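In each ligand, atom 1 is the first atom listed, and ligand 1 is the first ligand listed. What you see is a predicted model; the values in this text were computed from it and never measured.
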Amino acid sequence: MKPSVLVVNCGSSSIKYALISAEPNQPRLAGLAERLGSSNARLKGVDSQGRAFEQALTDTDHTRALEAILDRLEGRLPDAVGHRIVHGGERFTRAALIDDDVAAAIEETAALAPLHNPANLQGVAATRQLFPDLPQVAVFDTAFHQTLPPRAYRYALPEALYRDHGIRRYGFHGTSHAYVSERADTLSSLVGGGWLTAHLGNGCSTAAIWEGKSLDTSMGLTPLEGLMMGTRSGDVDPSLHAHLSRQLGWSLERIDDVLNRGSGLLGLSGLTNDMRELEDAAGEGHEGARLAIEVFCYRIAKSLAALSCALPRLDGIVFTGGIGENSPLVREKVVAHLPHFTLGLDRAANARTVRGREDRIDGRHPAAPRLWVIPTDEEGRIAAETRQLLEENNA
Ligand code: AMP
């Protein structure tokens with residue numbers, strides 16, 4: 001029997017989990033423990049009947065929260081744990097079985113992802129404590145992009161910064177870009193097509209994928225580079241930090257905070273980072289909301305056009321993530337900014353493809369690139385990579 005995998009995505013105050021069986025028709029048990037470490041920590045999720053539950057968690061650290069999650073697995077114990085790890089640096093080009101050496105390497109990479117890797121490691125420590133005999137696998141957000149050629153991953157900076165400090169572009173959202181591009185191949189009956197993928201959620205990134213390999217992507221050393229996002233600025237003039245420091249006396253911490261948490265859709269609209277609310281507000285004439293949506297869509301199109309340079313042939317564009325899967329308005333605006341791609345949007349198909357629907361939204365002209373909406377499945381991909389690694393190790 002193929003192993004069932006508990007997928008764990010651990011943040012500093014949250015644990016997202018999903019128990020995924022390889023057997024068909026077994027429902028996923030999934031949920032989220034949040035606000036850990038605070039007095040109003042909660043665990044929410046769905047049971048095997050699809051019923052939602054919510055419970056308060058008291059006095060809760062990551063290990064206690066995982067114990068509460070275990071109680072919600074209805075007696076179905078996992079055979080392995082798959083961890084989402086944000087940064088794998090250059091060492092990890094694919095998933096890895098976690099031992100002390102791998103855990104130490106993830107810790108070393110924390111300098112490149114100080115907000116994420118230490119939190120991910122807390123999850124590893126807690127699950128190792130709880131399930132000492134189960135294999136634990138690290139699946140890295142950066143690994144899929146390790147196929148980028150140097151012309152795409154190097155910054156035009158002094159060589160020593162790369163050689164001695166690992167300063168280069170890494171890219172993120174790898175499991176999502178990998179999953180949707182593979183799915184686009186399958187749905188289009190292509191073997192390794194040329195895809196531009198747009199993961200548009202609270203975090204946003206694009207990627208250029210050819211024959212199943214990532215050739216370029218919009219995020220860089222950190223997940224701040226590239227597209228405008230929910231609260232992240234994306235690309236700004238590299239001199240902005242110096243300018244804000246000299247002219248306004250802002251500290252590095254303040255600049256970092258504004259660019260990561262006070263910018264993007266939230267900062268530009270002055271209203272919210274939630275695209276649904278922005279679309280409603282723009283409809284009612286809110287200027288800030290309108291501008292935020294305009295800049296957001298234009299920058300996505302600009303990024304897709306730039307990344308098309310990486311592809312020998314463009315077979316299509318794939319939209320995914322909360323916004324990519326649910327906003328016909330954003331998809332239409334992005335496509336409208338790319339007239340030279342001769343895309344041809346089917347407006348009716350675009351309008352009806354929301355809420356988890358997977359569909360093709362172009363006019364199906366044989367010479368035109370395809371437009372796909374494909375709901376992402378990062379947890380499913382992490383479970384699949386975990387299984388694959390275990391199978392190889394047992395072979
Ligand atoms: P994610 O990070 O992938 O969960 O995506 C979150 C983003 O998706 C938020 O900006 C939401 O407002 C957006 N989103 C979810 N549903 C819709 C919808 N029906 N229309 C527009 N945006 C949506």
When you measure from [atom] to every protein heavy atom, which one gives the shortest distance, and what is it?
atom                    : answer
atom 21 (C) of ligand 1 : Arg276 CG, 3.7 Å
atom 19 (N) of ligand 1 : Asn326 CB, 3.5 Å
atom 13 (C) of ligand 1 : Ile323 CG1, 3.6 Å
atom 22 (N) of ligand 1 : Met275 CB, 3.6 Å

Margin query: Under 3.5 Å between any N/O of Gly322 and any N/O of ligand 1: does that happen in this structure?
Written below: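 N/O-N/O distance below 3.5 Å exists for this pair.
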
Checklist line | Nitrogen or oxygen atoms of Asp274 and ligand 1 under 3.5 Å apart | finding: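 Yes; the residue has a nitrogen or oxygen that sits under 3.5 Å from a nitrogen or oxygen of the ligand.
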
Margin query: In terms of relative ring orientation, are Tyr153 and Tyr162 parallel, tilted or perpendicular, with 30° and 60° separating the classes?
Written below: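 Rings of Tyr153 and Tyr162: tilted, as their planes differ by 30° to 60°.
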
With distance as the sole test, does [X] use its side chain to make a donor-acceptor pair with the main-chain N or O of [Y] at under 3.5 Å?
X      : Y      : result
Tyr155 : Leu221 : yes
His83  : Ile85  : no
Thr222 : Leu224 : yes
Asp362 : Leu371 : yes

Notebook entry, point to check: Would Leu265 count as a contact of ligand 1 if the rule is a heavy atom under 4.0 Å away?
Noted result: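 It does not, in that no heavy atom of Leu265 comes within the 4.0 Å cut-off of ligand 1.
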
Check: Is the shortest distance from a heavy atom of Val354 to ligand 1 less than 4.0 Å?
Finding: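 Val354: no contact with ligand 1 (<4.0 Å).
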
Next item on the list: Answer side chain, backbone, both or neither: which part of Asn273 comes under 4.0 Å from ligand 1, heavy atoms only.
Entry: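 Answer for Asn273: backbone.
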
Next item on the list: Decide salt bridge (charged side-chain N to carboxylate O under 4.0 Å, His left out) for Glu325 and Arg357; before the verdict, give the C-alpha distance in whole Å, the side-chain angles of both, and the deciding distance to 0.1 Å.
Entry: CA-CA 8 Å; Glu325 293 165 28; Arg357 274 186 74 139; over 6 Å; no

Checklist line | Value rounded to 0.5 Å, distance of CZ in Arg381 from CD1 in Ile20 | finding: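 Here the interatomic distance stands at 13.0 Å.
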
Check: Are His177 and Phe144 an aromatic pair by the rule of ring centers under 6.0 Å?
Finding: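 Distance test on ring centres: not under 6.0 Å, no.
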
Notebook entry, point to check: Does atom 4 (O) of ligand 1 have any protein heavy atom closer than 4.0 Å?
Noted result: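 Answer no: nothing from the protein, no heavy atom, is under 4.0 Å.
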
Check: Counting from 1, what ligand 1 atoms have a heavy atom of Asn202 closer than 4.0 Å?
Finding: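 So the answer, numbered in order with elements, is 1 (P), 2 (O), 5 (O), 6 (C).
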
Notebook entry, point to check: With a cut-off of 4.0 Å, which atoms of ligand 1 are near a heavy atom of Gly201?
Noted result: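 So the atoms of ligand 1 that pass are 1 (P), 2 (O), 3 (O), 5 (O).
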
